[in-house]
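Here the structure is laid out as structure tokens; the discussion comes afterwards.
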Amino acid sequence: MSQLAVASTPTVRQFFRRSAFWIGAAVFVLAASLVLVVVNGGGQSVDSGALSITNAGPGGSKALAEVLRQQGVSVSAATTLDEAVAAARDGSSAGPGTGTGTGTGTGTTLVVYDPNGYLPTDRQTELVGVSDRLVLIDPGVFELGDLAPGVGAAGSVDASAPLTAGCSLPAAQRAETITAAGSTYRVTGAGQISSSGCFESYGDAYSVVRVTEAGHPVTVVGSTEVFDNEHIVDAGNAALALGVLGEGSRVVWYVASAADVTADGAPSLGQLTPDWVTPLILLLIAVFVAAAVWRGRRLGPVVVENLPVIVRGSETVDGRARLYARSGARSRALDALRIGTLSRLAGLLGLPRRASVDDIVAAVGEATGQKADGIAATLLRTVPSSEAQLVELSTRLTELENAVRLALGRPATPASPRHTSAPTPPPPNEGIR
Amino acid sequence: MAVSGRFVLLVALGAVPIVLFGQLYGLALPALGWWLALVVVLGIVDLIAAGSPRALALERALPARVRLGETTAGELYLTNTGRRPVNGTVRDAWQPSAGALTTRFAVRVPRGERRMVTVVLRPFRRGERRVEEVGIRSFGPLGLWARQATLRAPGRIRVLPPFTSRKHLPSRLARLRELDGRTSIMIRGQGTEFDSLREYVRGDDVRSIDWRATARHNDVVVRTWRPERDRRVVIVIDSGRTSAARIDNEPRLDTAFEAALLLSALATRAGDRVDVIAYDRRVRARVKGATGAALLSGLVDALAPVDPELLETDWAAIPAQVRQVTNQRALVVLLTSLETPGSSRGLLAVLPQLTQRHLVLVASVTDPETFARVSRRSDREETYTAAAAERALLDVARVAAAARQQGADVVTGAPADLPPAVADRYLALKAAGRL
């Protein structure tokens, strides 16, 4: 009976015991991050919207909102039209069409700011009459047409010097001067009862216009500098902003957002697909994971084996050939070929080991009947000046060797010596060089 | 833990309830949740019901040795000592070069019973081939999830050098018998050792007539001679750096093993005593004082695990190694490589020490590819290669000449030809009575 084999795979208990530290560490990190998130109150994202009342940056309006709150005015933000309308209706003391005046300290002021034109033009009229007072900040042409038909755009102004009020609007008078870079407006509507333009930059172009539409006062302010954190402290900006917005007890601060854009056209692909498509895709992911585990799980560890280094024996010959070729060592290469040929010729012709090259040339001439001069040129004298000549000379060496073999009645191609033993072919003759 | 393809299929089948419930009742997402919960529960149940792979007791029956190129079979016995049957896959994790045809087997071992798995091995590398572990995957009755464990069950098999050159042995033994004087008594000089006296037969060399014995007998009596016996042959295999080079897809070292095996087989039949040392900077293998069949089996066993070491061979220590083996005059066969004067300097330096006392034979493998390259000269590249090959041959010739000058004998040959060439050289030396 054989013994139970030792398992190298840990059991579940061993696995948890061995990795207790890491499991503990992971749990600790998770718990710590959870605690941090709870303490920080759920990770507020930084608001960077223009004239947003929660944005404390230079472009926001948090300063103004905070001051208004200190003065007892409740300020609430709205990011969509529906929100804004609902918020304004909630606190509005006057229903549509019943507005009778501007009693100080009561009523709702709706501030509308839509720098990117998100507000759909066909829904702008929903804002009319929902609040006691309407303040439009830098409105566009369509916005004006719907919400303040008596006011027209009059181009933009880039005033370097502050503008003076020059009108009867109390808030403007208190402010005296403002920095008014932005849009300007003029009063066009005929028959306006109490319209006034303030901060005139040039003929009839005003930065602040107050008209009354449908019984409610509408204030159009062309400059965003009056409200933003960076410029509100300049000139009389703060006085104007607080004066315009502080008339009521509530302010609904509506900055239009992308959520206001209404989609139209054919229903999207998502609306057309049936409900079960998403669960089916999730199931496919689960199938993929299961298949990955099925095919990817190894049956035991990889077996390792030390393999021998493979060194090809002809590597040195190849390396030397490349060295010759790269450095263009023609005469050195030819020397090697010539010495090899000479020693083989000497062996073929039965010359002694110490035979000089002249003896070999003479013997070759005798055997083949060729001229000694040509043989000597091939075997000794010609210096290769180009690689083409080197190839040609090496071919001539082969031919010469074959000619000698033929003359001696041996096979034309040299049979490669399978093995050599004594007596040996003559070693390279030192006298040849 | 592992999952099966059946489990993957089961998960994929969840598409049916999802589409059905989604289309009919709009409950696609709950259907997905319930289906996943169902398959996971089924898997867990299956896992719990599976037999424990750890409850298997393993036993191996392996042949101790196999010749390279031959096929053998190893047996693995699995005994189930657990409470539930083990039903799954077994992987016998042999090293790749052990050449196992299949390593995975489907097994079904009922409780308390034993099953055998046969692994067919055809090793393709010489040396020790090992197996350390057995992986077992045990599926539950549903075949969805499996328990898996790797158990230690070490085993080893020694892969011996192939000794392919033994095909040359019969012809060499025939030559040896001729030398022995049994068949060709007519030729005098087949040895120098006095063997026996016998009657003169017509045709015998008259110079071998022993006149004193003839005087004692009434007949003419001749002396017969036989080659020397009980000589020492010391084979030194160089297992250093240069022996790693592959020539004709065979490392130099393997060729050296072949030559050593053939020469040992021949020399031990001829009545000589053979000692073999594989050496680079220390002794890698040594066989001393064995004869006959014991010598050959001891030799293949000792040489099997020897691999080329990436070290420069310490030739200076070789004479001392030879002296340890014998103080008598011996035939020292150095199986090494003669390549360039630079790499053979160490060998050439110690040759005089060896040749002073012993008869030295240096055997070296040459690359037939080099000879072929010398005669290929059609373009520029090939001409340069031919020049380099020619240079290499000149280097070999120069080293061989230097070795001869030191008094050593040199045999070179292609991998297939070197072993018989060394054997022939040995026979020639024996015939000449130079041993």
Side-chain angles (χ1 to χ4, degrees), chain A residues 1-9 11 274-276 278-280 282-283 286-287 290-291 293-294 297 299-301 303 305 308-314 316-318 320-321 324-325 333-334 336-337 339-340 343 387 390-391 394-395 398 413-414 416-422 424-425 427-428, chain B residues 2-3 5 7-8 11-12 14-15 18-19 22 26 28-29 32 36 54 57-59 79 89 91 93 95-97 133 135 137 149-153 244-247 307 367-372 375 377 380 383-385 387-392 394 397-398 401 411-414 417 421 425:
Chain A
M1 190 66 206
S2 53
Q3 293 286 308
L4 276 184
V6 181
S8 54
T9 317
T11 60
D275 290 344
W276 47 263
T278 311
L280 200 64
L282 292 176
L283 181 80
V287 170
V293 174
W294 169 42
R297 182 82 167 99
L299 190 44
V303 181
E305 179 176 5
V309 186
I310 293 182
V311 190
R312 276 177 56 230
S314 53
T316 47
V317 170
D318 286 338
R320 186 180 269 164
Y324 281 164
L334 190 62
L337 292 173
I339 294 169
S343 52
E387 304 214 317
L390 169 69
V391 175
S394 96
T395 315
T398 318
T413 45
S416 64
R418 296 305 287 174
H419 62 84
T420 58
S421 48
T424 56
Chain B
V3 307
F7 176 73
V8 177
V11 176
I18 285 174
V19 174
L29 211 58
L32 171 71
L36 290 183
R54 288 185 174 79
L58 303 175
E59 213 177 348
T79 313
T89 314
R91 167 184 176 233
Q95 286 184 340
S97 61
E133 288 168 332
R137 185 176 284 180
T150 306
L151 307 182
R152 281 192 51 77
R246 254 166 206 269
I247 290 166
D307 274 325
D367 192 353
E369 181 62 20
T370 311
F371 288 108
S375 40
R377 301 183 184 181
R380 170 179 173 271
T383 305
Y384 277 123
T385 310
E390 196 85 83
R391 170 65 63 186
L394 292 175
R398 196 180 299 170
V411 178
T412 60
D417 304 320
R425 201 83 204 99

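What you are looking at is a predicted structure, and each value in this text was computed from that prediction instead of being measured.
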TODO: Among A/Leu280, A/Thr316, A/Leu334, single out the residue with the greatest number of heavy-atom pairs under 4.5 Å to chain B.
DONE: A/Leu280

TODO: Look at A/Gly300, A/Ala291, A/Pro301, A/Ala286 and state which one has the largest set of heavy-atom pairs under 4.5 Å with chain B.
DONE: A/Pro301

Task: Exercise: identify the closest heavy-atom pair between B/Glu390 and A/Ala336 - done: CG-O, 3.0 Å

TODO: Heavy-atom distances under 4.5 Å only: say whether B/Leu151 touches chain A with side chain, backbone, both or neither.
DONE: both

- [ ] Indicate yes or no for a side-chain donor-acceptor contact from B/Arg377 to the backbone of A/Ser394 under 3.5 Å, with no hydrogens or angles considered.
- [x] yes

Open item on the list: Nearest 0.5 angstrom please: A/Leu299 CG to B/Arg137 CZ, how far?
Closed with: 5.0 Å

- [ ] Could you tell me which of A/Gly340, A/Ala333, A/Ala325, A/Ala290 has the largest number of non-hydrogen atom pairs under 4.5 Å with chain B?
- [x] A/Ala325

Open item on the list: I want to check something: taking the side chain as every heavy atom from C-beta on, are B/Tyr384 and A/Arg320 in contact at a cut-off of under 4.5 Å?
Closed with: no

TODO: Look up atom CZ in B/Arg380 and atom CD in A/Glu387, then write down how far apart they are to the nearest 0.5 Å.
DONE: 4.0 Å

TODO: Give, as side chain, backbone, both or neither, the part of A/Thr278 having an atom under 4.5 angstrom from any heavy atom of chain B.
DONE: neither

TODO: Output the distance between atom OG (A/Ser343) and atom CG (B/Leu394), rounded to the nearest 0.5 Å.
DONE: 6.0 Å

Task: Side chain A/Glu305, main chain B/Ser97, donor-acceptor under 3.5 Å - done: yes

- [ ] Using a cut-off of under 4.5 Å on heavy-atom pairs, state which of B/Ala387, B/Gly22, B/Ala389 scores highest against chain A.
- [x] B/Ala387

- [ ] Mark yes or no for whether B/Arg54, through its side chain, and A/Val6, through its backbone, hold a donor-acceptor pair below 3.5 Å.
- [x] no

- [ ] Could you have a look at B/Gly26, B/Ala2, B/Gly135 and say which one has the most heavy-atom pairs with chain A under 4.5 angstrom?
- [x] B/Gly135

- [ ] Please examine the side chains of A/Thr9 and B/Glu133, heavy atoms only from C-beta on, and report whether any two atoms are closer than 4.5 Å.
- [x] no

- [ ] Answer with yes or no whether the side chains of A/Ser8 and B/Thr150 bring together a donor and an acceptor at under 3.5 Å.
- [x] no

Open item on the list: Show the nearest heavy-atom pair for residues B/Leu29 and A/Pro279, with the distance to one decimal.
Closed with: CD1-CG, 3.6 Å

Task: For A/Trp276 against B/Val19, the heavy-atom pair lying closest together - done: CE3-CG2, 3.8 Å

Task: Contact class of B/Ala153 relative to chain A, heavy atoms under 4.5 angstrom - done: neither

TODO: Quick one: which of B/Ala28, B/Ala392, B/Ala244 has the most heavy-atom pairs under 4.5 Å with chain A, could you say?
DONE: B/Ala28

Open item on the list: Using heavy-atom distances under 4.5 Å, tell me whether B/Asp307 contacts chain A through its side chain, its backbone, both, or neither.
Closed with: neither

Task: Minimum side-chain heavy-atom gap B/Leu36-A/Leu283 below 4.5 Å - done: yes

Open item on the list: Given 3.5 Å as the limit, does a donor-acceptor pair link the side chain of B/Arg152 with the main chain of A/Ala7, or not?
Closed with: no

